[in-house]
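Below, all heavy atoms of this structure are taken into account, side chains as well, without hydrogens, waters or symmetry copies.
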Amino acid sequence: MAILKAVNSRASLGNAIRYITKKEKTEAKLISGFNCREDNPLAQMMMTKKLWGKTGGRQYKHFVISFAKDENITNDEAHKIALEFIEKWHKLKGFEVCLATHKDREHIHSHFIGAPIRDKVNPFSKR
């Protein structure tokens with residue numbers, strides 16, 4: 001059974017995105033964007049924040065979906081489950097989200113960082 005955890009971090013949005021997308025922890029096919037592009041989520045999130053004047057206050061929310069090490073799940077399946085969760089979770093409506101599934105530990109886990117933009121999603125987004 002998967003467990004959802006909220007991460008309390010003081011890292012900048014840039015450092016948080018760089019951490020979850022590290023090549024040592026994941027790979028390109030295990031990185032996705034929701035309401036933003038996965039190829040450069042930080043640039044898009046910052047552009048949207050500046051566009052809507054949302055550069056102050058809390059910059060993001062960070063969550064992790066973890067699976068037990070003895071669960072019979074692949075990296076791709078874990079990534080798909082996390083992406084479906086993000087798409088359906090009503091609290092992420094109006095967020096640009098970067099998702100990265102990590103495979104560097106005994107247990108598979110997916111990090112996702114949502115940058116709140118108060119229902120103002122970038123109109124140029126591919127989603």
Give me the atom names and distance for the closest heavy-atom approach of [X] to [Y].
X	Y	result
Q44	R37	OE1-N, 2.9 Å
T21	C98	CG2-SG, 4.0 Å
E77	N72	OE1-O, 4.2 Å
V64	H111	CG2-ND1, 3.4 Å
P41	C36	CB-SG, 4.0 Å
S110	A78	OG-O, 3.8 Å

Determine, step by step, whether T48 and E96 satisfy the side chain to side chain contact (heavy atoms under 4.5 Å, CB included) criterion, reporting the C-alpha distance in whole Å, the side-chain angles of both residues, the deciding distance to 0.1 Å, and the verdict.
CA-CA 9 Å; T48 303; E96 291 176 320; 2.9 Å; yes
Same cluster for [X] and [Y] if Ile/Leu/Val/Met/Phe/Trp/Tyr side chains link at under 4.5 Å?
X	Y	answer
V97	I65	yes
F112	L83	yes
F95	F85	yes
Y19	M45	yes
I81	L92	yes

Check: [Y] and [X] side chains under 4.5 Å, non-hydrogen atoms:
X	Y	result
L99	I31	no
I20	H62	yes
K61	I113	no
K103	I108	no
D76	L30	yes

Rounded to the nearest 0.5 Å, what separates atom [atom1] in [X] from atom [atom2] in [Y]?
X	Y	atom1	atom2	value
K88	I86	NZ	CD1	12.5 Å
I73	H79	CD1	NE2	12.0 Å
D104	K25	CG	NZ	4.0 Å
N40	M47	CG	CE	10.0 Å

Might you confirm whether atom NZ of K80 has over 12 heavy atoms from other residues, nucleotides or ligands at distances under 6.0 Å?
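It does not: K80 NZ has 12 such atoms or fewer within range.
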Taking atom CD1 of I3 as the centre, report whether more than 12 heavy atoms of other residues, nucleotides or ligands fall under 6.0 Å from it.
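No - once you tally the heavy atoms of other residues, nucleotides and ligands closer than 6.0 Å, there are 12 at most.
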Between F63 and H109, is the ring centre distance below 6.0 Å?
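Centroid distance F63-H109: not below 6.0 Å, so no.
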Is the distance between the ring centroids of F34 and W89 under 6.0 Å?
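When the ring centroids of W89 and F34 are compared, they turn out to be at least 6.0 Å apart.
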Counting N and O atoms only, with roles assigned by atom type, does the side chain of Q59 sit under 3.5 Å from a partner on the main chain of G57, one being a donor and the other an acceptor?
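Yes; judged by distance alone, with no hydrogens or angles, the pair exists.
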Quick check against the 3.5 Å criterion: does T26 have a side-chain atom that pairs as donor or acceptor with the backbone of T101?
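Side chain of T26 to backbone of T101, a donor-acceptor pair under 3.5 Å: yes, one is there.
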Which residues satisfy the side-chain contact (heavy atoms from CB on, under 4.5 Å) test with K69, sequence neighbours excluded?
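Counting only residues at least two positions away or on another chain, K69 forms a side-chain contact (heavy atoms from CB on, under 4.5 Å) with E106, H107.
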